[in-house]
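Okay, structure first, notes after.
Values below: all heavy atoms of this structure, side chains included; hydrogens, waters and symmetry mates excluded. Residue numbers begin at 1 in each chain, while the letters A, B, ... track the order of the sequences.
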There are 2 protein chains.
Amino acid sequence: MSRAETPRRGSRSGRAGIRDVAAAAGVSITTVSDALNGKGRLPDATRRHVREVADRLGYRPSAAARTLRTGKSGLIGLTVTTYGDEPFTFTEFAYFAEMARAATSAALARGYALVILPATSRHDVWSNVALDGTVVIDPSDQDPVVSELVRQGLPVVSDGRPAGALPVTAWVDNDHEAAVLGILDHLADAGARRIGLLTGTTTDTYTHLSTTAYLRWCERVGQDPVYEAYPAHDPCAGAVAADRLLARPDRPDAVYGLFDPNGTDLLAAARRYGLRVPDDLLLVCCSESAVYATTEPPITTLSLKPRRIGTAVVQLLIDAIEGVESDQPVEQVIPTELIVRTSSERRSPRRTVSPPRSPEEG
Amino acid sequence: MSRAETPRRGSRSGRAGIRDVAAAAGVSITTVSDALNGKGRLPDATRRHVREVADRLGYRPSAAARTLRTGKSGLIGLTVTTYGDEPFTFTEFAYFAEMARAATSAALARGYALVILPATSRHDVWSNVALDGTVVIDPSDQDPVVSELVRQGLPVVSDGRPAGALPVTAWVDNDHEAAVLGILDHLADAGARRIGLLTGTTTDTYTHLSTTAYLRWCERVGQDPVYEAYPAHDPCAGAVAADRLLARPDRPDAVYGLFDPNGTDLLAAARRYGLRVPDDLLLVCCSESAVYATTEPPITTLSLKPRRIGTAVVQLLIDAIEGVESDQPVEQVIPTELIVRTSSERRSPRRTVSPPRSPEEG
DNA sequence: TGACCTTGCAGAAACGTACCTGTCAACGGA
DNA sequence: TCCGTTGACAGGTACGTTTCTGCAAGGTCA
């Protein structure tokens, strides 16, 4: 109350700045900064006083100024693959939604927020946002976005192991070969004689690894490969490919579909051709969607565990940003989970579907 | 080339700044800024020269500094409703994913990026990011986040009309009452005598408006309401509620489900009770998911048109940010779309499902 | 030949914060 | 009494832009 009489002629910008708080509290800017950030050596009385004045003035520190000063923005980029103008493809919906949800959650828990950015290298958007690091989903071989980010010295963590010699900081992925081999063995165990594959025409790592694993398995067991490939970003093409696969003269008696909608597409196609599932046709597809638990019949699915992946990716990235010496390896393989349902149980289905337990009636 | 001989002793921060570009090009900082931003009065030769030097040095302007100076960050917040720790609920997946996709696309087209933020008012995250405005999904009555944002003078546009006197800048919504009434009439036309409702226990506007519309319709036509409510964020509760609805002594002969998974849940419950759809039970649910086109039978769905909503919301927000005098009203009602499929066609299903056309075989 | 305008650029002041470097008083020990 | 130490703060600079204001040089016109 000694000499804080000049109230610093009206905060002209509308919002209160750190200067206004300092003036109102009768202390210096340094003291305010230290008090609010828990630094410096201040008696608790001063700290409380400053905090109270700041609250009273509704002071919110400028994120831009803080970012400029500290070099940290608290923002993490999340690149989404684009097909044409659309940010992410329909076939990846459930996976992406789950993965993004987990990533968002993990980031927020550590004080970071996620920024959605397109994988296409539009410099004007990318350079307009100050990022501390980036998560990229399934980067392509010579991804220009990744190169640019690395050149700027930003950590980059990818979902999906990087193709070629892409210099990412860390990556997280499933063991796609093992997953496919496991499914094929599972189908063979269930009595399948000729297993078909519904795959994609794109060149991403997931499609590539899965397809070659299938081909190797066929070679090993001496089966002729039976597969149809289609552009995975086109949902209609999937239905057509499923139909074509079941219309072949060498029709398979079991099919694994690499993409989420393949299950319903194959089921619809089987119905058209009068094939009973699982009696005439065993079905498995890779999906995160819950609908396959209640289809007729329920369909066996492979889950890639997107929530675990999203969490792991963000943890690795933030560790790299904050320079934490992580005890986790920088290359993490997340196990997949095969959720076995009726569609792949040829012999003696255990039991008929029972109604869900109602909490009221014991 | 006159006196640019002091090369400004090495850009210490690693990255090239505007100063380094100015020194290398032999011009002033002002000239570099003007040249790169297309401002000022400069001959094309200078402009080209500066641009070339900037490219050679790999110069990227600091987003933080620009934001601090201009007050614009190019970032738009997208708040997601949270249940517990999870950023958004499973039941909204398809809707949210579509809506977010459209919003992302629309924002990027106008040079903005989206930041995902939780609706819960964790100040430390919110105040750490410089936003130009925010999209909120289904804000609650006295939403503290919205109040805070408005207090800061930021424009806020909501998906879903704001409850109470929430001071949003603009909003976009469907006409939920009209949609429900339309569906009930549609079901009655198809021969339904007693229409049931699967609804939620939450207090959001969507659930509230839809439920009261149903009750009013029942009163008008003289039908006793038959409905079950469950916490919409719990997928298991939905299956139980669907089962309970069909187990009632006054079992409805038609059901409308307000949430996305209700269709499969109701279908599974109907199967358990030996009810044929649509012969014994007409079914409609509100969903954006494509799976309902290929279920057995295909299920009639109501689409809320999340893509149009996402686009509209972002356009309104950016217009407000940039001070554009929009010719669009600040309150936009997007029409819903009823996609009629077999599950609600009691009399004479038009035709059986035909296989999709294959591009190869005409 | 001055007065005046246009062109082409440079200087320097912000933007709001964080933090490094003092400064001054009080205090304790020799 | 003197010196070293510590606590409690203030001053000032830097972060990297944008942009307002100036200022010469050259051209135009009376």
Side-chain angles (χ1 to χ4, degrees), chain A residues 2-4 8-9 11-23 25-50 54 57-74 127-130 132 152, chain B residues 1-4 6 8-9 11-23 25-50 54 57-74 127-130 132 152:
Chain A
S2 51
R3 58 165 92 181
R8 203 153 180 81
R9 64 168 187 293
S11 51
R12 57 246 157 279
S13 93
R15 285 180 49 185
I18 198 174
R19 261 193 304 267
D20 305 306
V21 177
V27 296
S28 78
I29 292 181
T30 305
T31 303
V32 175
S33 178
D34 282 350
L36 296 180
N37 295 337
K39 303 196 172 176
R41 342 167 257 203
L42 301 176
D44 279 358
T46 308
R47 229 176 266 277
R48 267 198 307 273
H49 176 226
V50 168
L57 296 186
Y59 167 68
R60 298 273 176 274
S62 150
R66 171 174 298 179
T67 299
L68 177 59
R69 183 61 234 254
T70 62
K72 297 296 171 195
S73 66
S127 62
N128 251 333
V129 35
D132 290 346
Q152 287 183 25
Chain B
M1 59 185 73
S2 51
R3 58 166 87 181
T6 45
R8 204 152 179 82
R9 63 168 187 292
S11 52
R12 57 246 157 279
S13 95
R15 285 179 49 184
I18 199 175
R19 264 192 303 267
D20 306 305
V21 177
V27 297
S28 78
I29 292 180
T30 305
T31 303
V32 174
S33 178
D34 283 350
L36 296 180
N37 294 338
K39 303 193 172 179
R41 334 166 269 205
L42 301 176
D44 280 358
T46 308
R47 229 174 265 276
R48 265 198 309 272
H49 176 225
V50 169
L57 296 186
Y59 167 68
R60 299 272 175 275
S62 151
R66 171 174 299 179
T67 299
L68 178 59
R69 183 60 234 250
T70 62
K72 297 295 172 194
S73 66
S127 63
N128 251 332
V129 35
D132 290 346
Q152 288 183 24

Considering non-hydrogen atoms only, spot the tightest contact between [X] and [Y] and give its length.
{"X": "Asp132(A)", "Y": "Gly71(A)", "answer": "OD1-O, 4.0 Å"}
{"X": "His49(A)", "Y": "Ala25(A)", "answer": "CE1-O, 3.2 Å"}
{"X": "Asp20(B)", "Y": "Leu57(B)", "answer": "O-CD1, 3.9 Å"}

Counting only side-chain nitrogens and oxygens, does [X] get under 4.0 Å of the OP1 or OP2 atom of [N]?
{"X": "Lys39(A)", "N": "dA18(C)", "value": "no"}
{"X": "Arg69(A)", "N": "dC19(C)", "value": "no"}
{"X": "Ser33(A)", "N": "dA18(C)", "value": "yes"}

I need the [atom1]-[atom2] distance between [X] and [N], as an integer number of Å.
{"X": "Arg15(B)", "N": "dG16(D)", "atom1": "CZ", "atom2": "P", "value": "9 Å"}
{"X": "Asp20(B)", "N": "dG16(D)", "atom1": "CG", "atom2": "C1'", "value": "11 Å"}
{"X": "Leu68(A)", "N": "dA18(C)", "atom1": "CG", "atom2": "P", "value": "11 Å"}
{"X": "Asn128(A)", "N": "dT17(D)", "atom1": "CG", "atom2": "P", "value": "12 Å"}
{"X": "Arg66(A)", "N": "dG16(D)", "atom1": "CZ", "atom2": "C1'", "value": "18 Å"}
{"X": "Ile18(B)", "N": "dA12(C)", "atom1": "CD1", "atom2": "P", "value": "16 Å"}
{"X": "His49(A)", "N": "dC9(D)", "atom1": "NE2", "atom2": "P", "value": "11 Å"}
{"X": "Arg19(A)", "N": "dA10(D)", "atom1": "CZ", "atom2": "P", "value": "16 Å"}

Check: [Y] main-chain N/O paired with [X] side-chain donor or acceptor under 3.5 Å:
{"X": "Arg15(A)", "Y": "Arg60(A)", "value": "yes"}
{"X": "Asp34(A)", "Y": "Lys39(A)", "value": "no"}
{"X": "Ser73(A)", "Y": "Ala130(A)", "value": "yes"}

Inset, instruction - For each nucleotide in nucleotides 5-10 of chain C, reading 5' to 3', give B when a protein heavy atom comes within less than 4.0 Å of its base, S when such contact involves only the sugar-phosphate, and - otherwise. - result: --BBBB
Legend entry - Atom pair CD1 (Ile18(B)) and OG (Ser33(B)), whose distance is rounded to the nearest 0.5 Å: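 Atom-to-atom, Ile18(B):CD1 and Ser33(B):OG are 4.5 Å apart.
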Legend entry - Minimum-distance nucleotide (side-chain atoms of Ser62(B) versus dT17(D), dC15(C), dT17(C)): dT17(D)
